[in-house]
Amino acid sequence: MDMHTVVVGTSGTTAEDVVAVARHGARVELSAAAVDALAAARLIVDALAAKPEPVYGVSTGFGALASRHISHELRAQLQRNIVRSHAAGMGPRVEREVVRALMFLRLKTVASGHTGVRPEVAQTMADLLNAGITPVVHEYGSLGCSGDLAPLSHCALTLMGEGDAEGPDGTVRPAGELLAAHGIAPVELAEKEGLALLNGTDGMLGMLVMALADLKNLYTSADITAALSLEALLGTDKVLAPELHAIRPHPGQGVSADNMLRVLAGSGLTGRHADVTGDAPRVQDAYSVRCAPQVNGAGRDTLDYAAVVAGRELASSVDNPVVLADGRVESNGNFHGAPVAYVLDFLAIVAADLGSICERRTDRLLDKNRSHGLPPFLADDAGVDSGLMIAQYTQAALVSEMKRLAVPASADSIPSSAMQEDHVSMGWSAARKLRTAVDNLARVVAVELYAATRAVELRAAEGLVPAPASQAAVAALRAAGAEGPGPDRFLAPDLAAADTFVREGRLVAAVEPVTGPLA
């Protein structure tokens with residue numbers, strides 16, 4: 001585990017901290033200010049709990065049962081019962097990094113001092129993260145409203161020493177055994193604490209933050225692969241000129257065009273439209289080549305908007321009811337996941353479109369009627385072997401699934417809790433399908449990279465000189481295990497090696513020594 005420590009204060013957290021804790025095992029520590037804020041808010045809750053008047057979430061039932069006043073002797077049982085009853089998730093286990101993000105972001109809100117949770121409960125949450133104990137959370141159970149209820153309930157169950165959890169060694173055991181093995185005492189929940197541990201957008205937000213980190217790498221990688229494909233197709237880089245993009249000043253479009261132009265600097269392949277034997281002179285390249293900056297750039301701008309929404313949510317305290325600075329405990333609707341759900345769906349749409357344009361360029365590279373002199377399917381001996389024919393089939397299947405995943409979840413709503421919760425965001429579902437879409441996109445970009453680098457090598461074998469950045473990408477990919485042209489070397493294309501190469505950011509790292517930092 002990473003020994004870097006993330007300090008959780010009262011004012012939210014950053015995307016970088018979420019990734020550090022969720023993916024890299026960074027340790028978590030509560031700031032002194034957070035401990036003070038927790039203690040101060042708890043005094044307010046304790047005072048309200050002592051009064052005879054009912055206060056929602058403190059001395060009442062929840063949701064459609066909020067009208068019942070709960071006596072003092074039943075309140076601890078009430079808090080235990082809400083966690084147990086809400087831990088009703090089903091289906092496959094959710095990934096460890098998602099659960100760690102969920103736990104960390106709930107701790108972030110608890111530490112704000114607006115939830116009324118005791119400092120010792122917050123500390124136990126931090127202890128679980130630091131011990132590498134990960135609750136078993138299931139795929140289904142959140143409607144993205146009143147928080148990610150079932151997922152957060154399974155996490156709270158572990159705090160209580162109940163249910164199942166995964167230890168740092170990857171073994172799933174009863175949570176009570178894992179807590180005891182790490183010297184962590186189970187929590188006895190007091191008034192409001194059960195509800196406060198369940199009522200947030202933490203799961204969908206954590207998945208949004210990690211998707212943004214992955215998509216940033218994939219968009220830069222896609223700019224590189226688009227440039228490689230343009231080069232292999234003997235396209236023109238004149239369409240990337242800054243003055244053309246300045247007159248349509250979408251920021252992302254200019255960034256993508258600049259990335260592509262820098263990858264192509266020094267190429268001896270670009271601008272050779274009329275030089276290929278047997279080709280009629282070309283006036284323009286196909287849309288999938290010529291419009292790459294516009295498509296990639298629009299996606300980049302969508303990522304930027306999604307990052308703004310994520311930043312606002314990371315600075316938020318999402319709970320119901322909340323403890324305000326003036327001592328009031330007020331019911332609210334801040335738990336509704338609509339702001340996060342919308343951008344999760346937006347990202348699934350742009351990921352599908354990016355995958356689609358990548359696939360079109362790949363298909364063009366493989367088609368002898370449109371590739372301007374490249375062999376059919378980039379095969380070494382077309383007919384005796386099929387080259388990358390079926391690699392494009394795989395890519396097409398992935399893109400087809402991404403188009404289905406682009407159908408928005410947030411446009412749906414289904415009522416629950418006896419019509420008390422009659423409009424929900426479906427943000428968790430939007431996040432789950434986005435994770436699949438991002439995973440698919442990495443593979444789609446990898447297939448284009450595999451085809452484009454092979455095509456660039458074939459052009460080099462003809463005596464043409466690729467751009468230095470292209471040569472660096474080819475050399476790094478081959479060193480990573482993906483073979484180059486020659487007899488039998490592409491009969492079993494190692495797409496897995498290309499996939500790992502792309503998703504780990506190694507494509508970007510390979511070309512940046514030549515191009516300088518890419519956006």
Side-chain angles (χ1 to χ4, degrees), residues 37-89 102-103 105-107 109-128 135 137 141-142 146-165 174-176 179 184-200 202-203 317-323 329-332 335 417 420-421:
L38 284 158
R42 187 64 209 179
L43 288 175
I44 295 170
V45 170
D46 286 342
L48 290 172
K51 292 183 176 182
E53 298 85 7
V55 177
Y56 175 69
V58 176
S59 52
T60 70
F62 311 116
L65 304 177
S67 59
R68 180 180 172 183
H69 182 257
I70 308 299
S71 61
H72 284 276
E73 63 273 14
L74 294 177
R75 290 178 191 171
Q77 181 180 340
L78 169 67
Q79 300 304 315
R80 288 193 301 273
N81 286 350
I82 188 175
V83 172
R84 290 168 176 166
S85 66
H86 285 44
L102 177 78
M103 296 165 68
L105 288 168
R106 197 68 216 143
L107 176 60
T109 283
V110 165
S112 71
H114 289 294
T115 67
V117 169
R118 290 169 295 156
E120 52 266 39
V121 176
Q123 184 57 57
T124 304
M125 296 169 75
D127 291 342
L128 285 182
V137 172
S142 174
S146 289
D148 289 319
L149 287 175
L152 283 163
S153 296
H154 284 280
C155 293
L157 204 63
T158 299
L159 277 176
M160 294 164 48
E162 300 181 16
D164 291 329
L179 266 62
I184 300 172
V187 168
E188 289 284 342
L189 298 176
E191 289 96 339
K192 193 184 179 304
E193 289 180 335
L195 188 61
L197 294 175
L198 314 186
N199 229 325
D202 309 291
S317 299
V318 178
D319 191 21
N320 181 47
V322 292
V323 181
V329 175
E330 296 286 1
S331 181
N332 67 92
F335 49 75
S417 193
Q420 175 71 9
E421 298 169 8

Short question: side chain of N199, backbone of N320 - any donor-acceptor pair under 3.5 Å? yes
Are L159 and P186 close enough that some pair of their side-chain heavy atoms sits under 4.5 Å apart? no
So, do V323 and T115 sit near enough that their side-chain heavy atoms are less than 4.5 Å apart? no
Does any part of the side chain of L189, heavy atoms only, come nearer than 4.5 Å to the side chain of V83, both counted from C-beta? yes
Taking C-beta and beyond as the side chain, do S142 and L149 meet within less than 4.5 Å on heavy atoms? no
Could you tell me whether the side chain of M103 reaches within less than 4.5 Å of the side chain of C155, counting heavy atoms only? yes
Counting C-beta onward and ignoring hydrogens, is there a side-chain heavy-atom pair between P135 and L157 closer than 4.5 Å? no
Is the shortest side-chain N to carboxylate O distance from R118 to E120 below 4.0 Å? yes
Side chain to side chain contact (heavy atoms under 4.5 Å, CB included) between N332 and V322: does it pass, once the steps are laid out? CA-CA 8 Å; N332 67 92; V322 292; 3.6 Å; yes
Short N-O contact, E191 and R42, less than 4.0 angstrom: yes
Please round to the nearest 0.5 Å and tell me the distance separating atom OG1 of T109 and atom CG of L197. 11.0 Å
Pairs meeting criterion salt bridge (charged side-chain N to carboxylate O under 4.0 Å, His left out) with involvement of residues 77-86, two or more places apart: R80-E188, R84-E162
Considering residues at least two apart in sequence or located in another chain, which fulfil the salt bridge (Lys or Arg N to Asp or Glu O under 4.0 Å) criterion with D319? R106, K192
L195/I82 under side chain to side chain contact (heavy atoms under 4.5 Å, CB included): CA gap, chis, key distance, verdict: CA-CA 7 Å; L195 188 61; I82 188 175; 3.8 Å; yes
Measuring from atom CD1 of I44 to atom NE2 of H114, what distance do you get when rounded to the nearest 0.5 angstrom? 10.0 Å
Mind checking whether L179 and L128 have side chains closer than 4.5 Å, heavy atoms only? yes
